[in-house]
Amino acid sequence: MFHLLEKRIAETFASCIGSLYGLTVEVQTEQPKHSSFGEVAVPAAFQLARQLKKAPKAIAAELLSAVGPIEGVAAAEVAGNGYLNLRLDRGYYGAGLLAGESAESRMSAEKIIVEHTNINPNKAAHIGHLRNAILGDTFVRMMRAAGGTVEVQNYIDNTGVQVADVVVAFRHLEKRTPAEVCALVAGPARFDYVCWDLYTKISSYYEEHPDATAWRQETLHAIEAGEGVEAELAHLISDAIVVAHLNTMWRLNIVYDVLPRESEILHLKFWAAAFELLKERNAIYLETEGKNKGCWVMPGSAFRESSGDDESKVIVRSNGTVTYVGKDIAYQLWKFGLLGKDFYYRKWHTYPNGHEVWASTGQPRNSSPSFGHGSRVYNVIDSRQSYLQDVVVAGLRALGYEEQAANSIHFNYEMVALSPGTCVELGLELSEEDKSRPYVEVSGRKGLGVKADDLIDKLIEKALEEVTSRHPEEPEDARRRVATQIAVGALRYFMLKYTRNSVIAFDFAEALSFEGETGPYVQYAAVRARNILRKLEERGERLPDFRAELAREAMARQLAEEDCWQLLLAASKAGSAVERAVRSGEPSHVARYAFQLAQSFSNFYHEYPVLSEANREKKTFLLWMTDYFRAQLEHTLAVLGIEVPEYM
RNA sequence: GGGCGCGUAGCUCAGGUGGAUAGAGCAUCAGCCUUCUAAGCUGAGGGCCGCUGGUUCGAGUCCAGCCGCGCCUACCA
């Protein structure tokens, strides 16, 4: 509704400027600094001042007298140095909200692909992975809420170095056979945690025994050839870890549509096809001298504006194996349907809610869904990999796919590091150098990090204490369910409240907080809104027929009260908040709006005792406000992937 | 060395395309539970927006140069 009016106001002024000055301009609207200035400000006079060589104030006055009445706008005035401040017709606005009017979503029908999570399937997920998955999942929810068609991909690098290292650890350090590893997967110990420790173990073993990296090389070759014990182990390990990762993410309400796997990229010759294309169109060349002699490289000039010769990127190593970036180029081509090849799929898993996730397979199947063929692709990958993403895009461009290169978006974000205090809390030893830093980088190799499931468990336990202290009479399973929803709300909000390019120095105290600007604060507001409506029914009353009882005049009467009007106005902006967040690609905007919305409701809650209101019209109006707030809170929380508990 | 990012209240962070008196949360201090749940509400204090210069009617925001910090710059990903 708010968005609709903004649009109407902008268009009206644009045509007014057109007929008055013969200029075509896109009129912007903004929110006045203070609510007393009205609801919508038009700063168009400032834009025009330079072109017309007139004072903004004079232009604003001319516009004001020339523009006719605008539907839904009650008054307009010139303010400040040349602002046009508009006041909305409150009765009109309230009636419009009640009727459910809103601007139609503007997202086109094109298919969008979002790739996120992409955790190496060789160990448990940690908090850095959580930021990736939560950002990606929320961005998907935002676009879907705005009417977009989105496919979620989670790429599985099941043939890479990291998996190979854990294979080496099982074979050479632990002396385990595939059958034994199989038993371990089925056993009581968490397999992803076992691998977490093993990965640390093999990494430090390599440091002490540099010759041992030969094991890694032979393992990589065996995996790539798909032969031997190594390949068997690799599949066993990576499949089991993928199951663990999917379970972890499911706890956070994150699901995927398809899992494209690197093993199929290899076996279905995706890379071979891409390699031919790259050679054919001279995107890469065989280096004949220097440190990269014998490698196929992409010249640095393709992906860096100013670069020396030494900045070229190796795509195929001198031993003939392809780097990750090479495979990524093939994968990116496939996402756009440009490779001329496709995966086969098998159903990997059906989630408890019925959603299905499919995985790539090398064997033809009778029937399976179709994936890929997107027209826009978002890769949710942290900022440290910007360089690699530039190479991938340069690959597309070098092949002549300008449009797809432009539609390949690196949805980047800064890393999650650990605050020194949290490191101490975890019992991790820090070097003197690290102690003086503002934060310490997570390292899988060093085992330096907070495991995702440990954090979730910790949050649930803390939430459970709080829930139990407030509702000791509730059954245990219900309390645990509520505590889980609160924990997930806290975690998702924590990961979303920061803008993407802010480094998060993870701190337990902050992450475990349920007060102030947190997920539970927003959930609490939604729960309270529901409580009012529930209490109404418990008293034997019913929700009035709002449309019948709240005519425009009644709305206008009730909304004449400034506080009510401001609260309703804030609540009505959910749609524009999401729309703006999608446009700027910034999920934190939605999180912040959710918090503001909850704050507004908290104010409303304290200011207006709804159920005890004696005046019939006023009570009906307050009930409608409550129900409207509830709907907006629930909708916004859903976009954030946060559930509303039964009670708090 | 080069590329990217950051520097705003004691701490953690917001600040659409330059605009009206720079905002939240936490922490501190002072109040508010017989009432629809205090995971809440109200109020107070707290700021050379890293520094210097430039662009202009106007700069936290744009440009240049410094200073400090982080990440990247592998035949790892």
Side-chain angles (χ1 to χ4, degrees), chain A residues 26 28 30-34 37 41 43 46-47 49-50 55-56 79-83 85 118 120 157 160-162 165 216 287 291-297 304-308 310-311 313-319 321 323-325 328 381-388 390 412 414-415 417 419 437-439 441 445 463 466-467 470-471 486 490 497-499 501-505 507 509-510 513-518 520-521 523-525 527-529 531-536 539 580-581 583-584 586 588-589 592 595-596 599 602-603 605-612 622 626 647-648:
Chain A
E26 188 155 340
Q28 310 291 334
E30 54 187 54
Q31 217 177 124
K33 201 81 179 170
H34 296 282
F37 294 157
F46 296 108
Q47 271 176 271
R50 203 156 301 169
N81 294 325
Y83 275 101
N85 289 339
N118 298 12
N120 271 303
D157 183 5
V161 176
Q162 294 211 16
D165 284 344
R216 176 195 272 171
E287 186 63 77
K291 61 168 183 165
N292 292 336
K293 187 178 176 183
C295 299
W296 285 88
V297 303
R304 282 278 181 269
E305 282 183 10
S306 59
S307 70
D310 57 339
E311 286 185 54
K313 175 66 195 169
V314 172
I315 304 297
V316 180
R317 305 182 183 99
S318 54
N319 68 2
T321 56
T323 60
Y324 181 86
V325 193
D328 220 16
I381 303 176
D382 78 76
S383 295
R384 287 172 293 190
Q385 295 193 48
S386 294
Y387 169 70
L388 283 313
D390 287 347
N412 63 330
E414 277 292 346
M415 63 179 168
S419 72
R437 291 168 191 263
Y439 45 77
E441 203 172 343
R445 288 182 197 284
E466 300 283 338
V467 173
R470 289 168 171 79
H471 304 277
I486 292 169
K497 72 197 260 190
Y498 301 95
T499 49
N501 55 10
S502 168
V503 176
I504 298 179
D507 186 81
E510 281 176 40
S513 168
F514 298 152
E515 289 166 16
E517 200 197 334
T518 65
Y521 175 92
Q523 289 174 311
Y524 189 60
V527 167
R528 286 173 134 188
N531 275 351
I532 295 175
L533 301 171
R534 187 169 46 77
K535 276 273 157 63
L536 181 81
R539 294 183 182 191
R580 181 168 69 84
R583 207 173 37 209
S584 61
E586 189 52 86
S588 70
H589 290 336
R592 292 199 169 267
F595 177 64
Q596 285 166 17
Q599 269 187 325
S602 294
N603 289 330
Y605 188 91
H606 278 269
E607 208 169 333
Y608 303 97
V610 179
L611 297 180
S612 56
L622 291 176
T626 305
Y647 54 83
M648 277 181 82

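Naming convention: chains lettered A, B, ... in sequence-line order (proteins, then strands); numbering from 1 in each chain.
At a threshold of 4.0 angstrom between heavy atoms, the contacts of A/L536 with the nucleic acid are absent. Residue A/E441 is classed as a sugar-phosphate contact, given heavy-atom separations below 4.0 Å to backbone atoms only. Within the 4.0 angstrom heavy-atom criterion, base atoms lie near A/F37. Residue A/R384 is classed as a sugar-phosphate contact, given heavy-atom separations below 4.0 Å to backbone atoms only. If you check every strand for non-hydrogen atoms under 4.0 Å, A/L533 touches nothing. When heavy atoms are screened at a 4.0 angstrom cut-off, A/F514 is found touching base atoms of the nucleic acid. Residue contacts for A/Q28: at a heavy-atom cut-off of 4.0 Å it reaches a base atom on one of the strands shown. Counting any heavy atom pair closer than 4.0 Å across all strands shown, A/D390 reaches no nucleic acid atom. A/Y439 comes within 4.0 angstrom of sugar-phosphate atoms only, judged by non-hydrogen atoms across all strands, and of no base. A/S502 comes within 4.0 angstrom of the backbone, heavy atoms only, and of no base. As judged by a 4.0 angstrom heavy-atom cut-off over every strand, A/D507 is placed among residues making no nucleic acid contact. Using a 4.0 Å heavy-atom cutoff across all strands shown, A/V527 reaches at least one base atom of the nucleic acid. Contacts of A/P609 with the nucleic acid, taken as non-hydrogen atoms under 4.0 Å apart, include base atoms. A/Y521 comes within 4.0 angstrom of sugar-phosphate atoms only, judged by non-hydrogen atoms across all strands, and of no base.
Classification of B/C57 as anti follows from a glycosidic angle more than 90° from 0. With its glycosidic angle within 90° of 0, B/G16 adopts the syn conformation.
Here, B/C32 and B/U37 have their C1' atoms 15 Å apart, quoted to the whole Å. The gap from the P atom of B/G7 to that of B/C49 amounts to 14 Å, rounded to the nearest Å. B/G50 and B/C36 have their P atoms separated by 49 Å, given to the nearest Å. For the C1' atoms, the distance from B/C75 to B/G65 is 39 Å, rounded to whole Å. On the P atoms, B/C11 is 15 Å away from B/C51, given to the nearest whole Å. The same atom, C1', is picked in B/C63 and in B/U55; the two are 7 Å apart, to the nearest Å. The P atoms of B/G1 and B/U61 are separated by 26 Å, rounded to the nearest whole Å. Taking the C1' atom of each, B/A59 and B/G54 are spaced 11 Å apart, rounded to whole Å.
Closest to the side chain of A/H606, from the set B/A77, B/G5, B/C41, is B/C41. Relative to the side chain of A/I532, the nucleotides B/C36, B/G5, B/U37 differ in distance, and B/C36 lies closest. In this structure, of B/U12, B/A38, B/A77, it is B/U12 that holds the atom nearest to the side chain of A/Y498. Side-chain proximity of A/P520 to B/C41, B/G15, B/A39: nearest is B/A39. Closest to the side chain of A/M648, from the set B/A39, B/C71, B/A24, is B/A39. Comparing atom distances between the A/N531 side chain and each of B/U17, B/U37, B/G70 picks out B/U37 as nearest. Of the candidate nucleotides B/U21, B/A39, B/A77, B/A77 has the atom nearest to the side chain of A/T323. Of the candidate nucleotides B/C72, B/A20, B/C13, B/C72 has the atom nearest to the side chain of A/Y387. Of the candidate nucleotides B/G5, B/A77, B/G15, B/G15 has the atom lying nearest to any side-chain atom of A/H589.
A side-chain donor from one of A/S588 and A/E586 sits under 3.5 Å from a side-chain acceptor of the other.
Phosphate proximity of B/A38 to A/R528: present, with a side-chain N or O under 4.0 Å from OP1 or OP2.
A donor and an acceptor atom never sit less than 3.5 Å apart when one is taken from the side chain of A/N292 and the other from the base of B/A74. Judged by atom type and distance alone, A/R592 does not reach the base of B/A24 through any side-chain donor-acceptor pair under 3.5 Å.
Here the OG1 atom belonging to A/T626 is positioned 11.5 Å from the CG atom belonging to A/N531, to the nearest 0.5 angstrom.
A 3.5 Å limit on both hydrogen-bonding distances identifies no Watson-Crick or G-U partner for B/C48. In this structure, B/U42 and B/A30 make a Watson-Crick or G-U wobble pair, each of the two defining distances being under 3.5 angstrom. In this structure B/C62 sits in a base pair with B/G54, meeting the Watson-Crick or G-U test at under 3.5 Å. The base-pairing partner of B/C69, taking Watson-Crick or G-U wobble contacts with both distances under 3.5 Å, is B/G5. Look at B/U37: it lacks any Watson-Crick or wobble partner with both distances under 3.5 angstrom.
The backbone N or O of A/A505 sits nowhere less than 3.5 Å from a side-chain atom of A/S419 that would complete a donor-acceptor pair. Looking at A/N292, its side chain never comes within 3.5 Å of a backbone N or O of A/C295 through a donor-acceptor pair.
Atom CD in A/E517 sits roughly 12 Å away from atom P in B/C13 (whole-Å rounding). A straight line from CG of A/L388 to P of B/C71 spans 17 Å, rounded to a whole angstrom. Counting to the nearest Å, the C1' atom of B/G60 and the NZ atom of A/K33 are 11 Å from each other.
Counting all heavy atoms, side chain and backbone alike, A/S602 lies closest to A/R528 at OG-NH1, 4.5 Å. When all heavy atoms are compared, the tightest approach of A/A490 to A/P520 is CA-CD, 3.6 Å. Residues A/F37 and A/N85 come closest through the heavy atom pair O-CB, 3.1 Å.
A heavy-atom distance below 4.5 Å is found between the side chains of A/L611 and A/K535. With contacts defined as side-chain heavy-atom distances shorter than 4.5 Å, the pair A/M415/A/I504 does not qualify.
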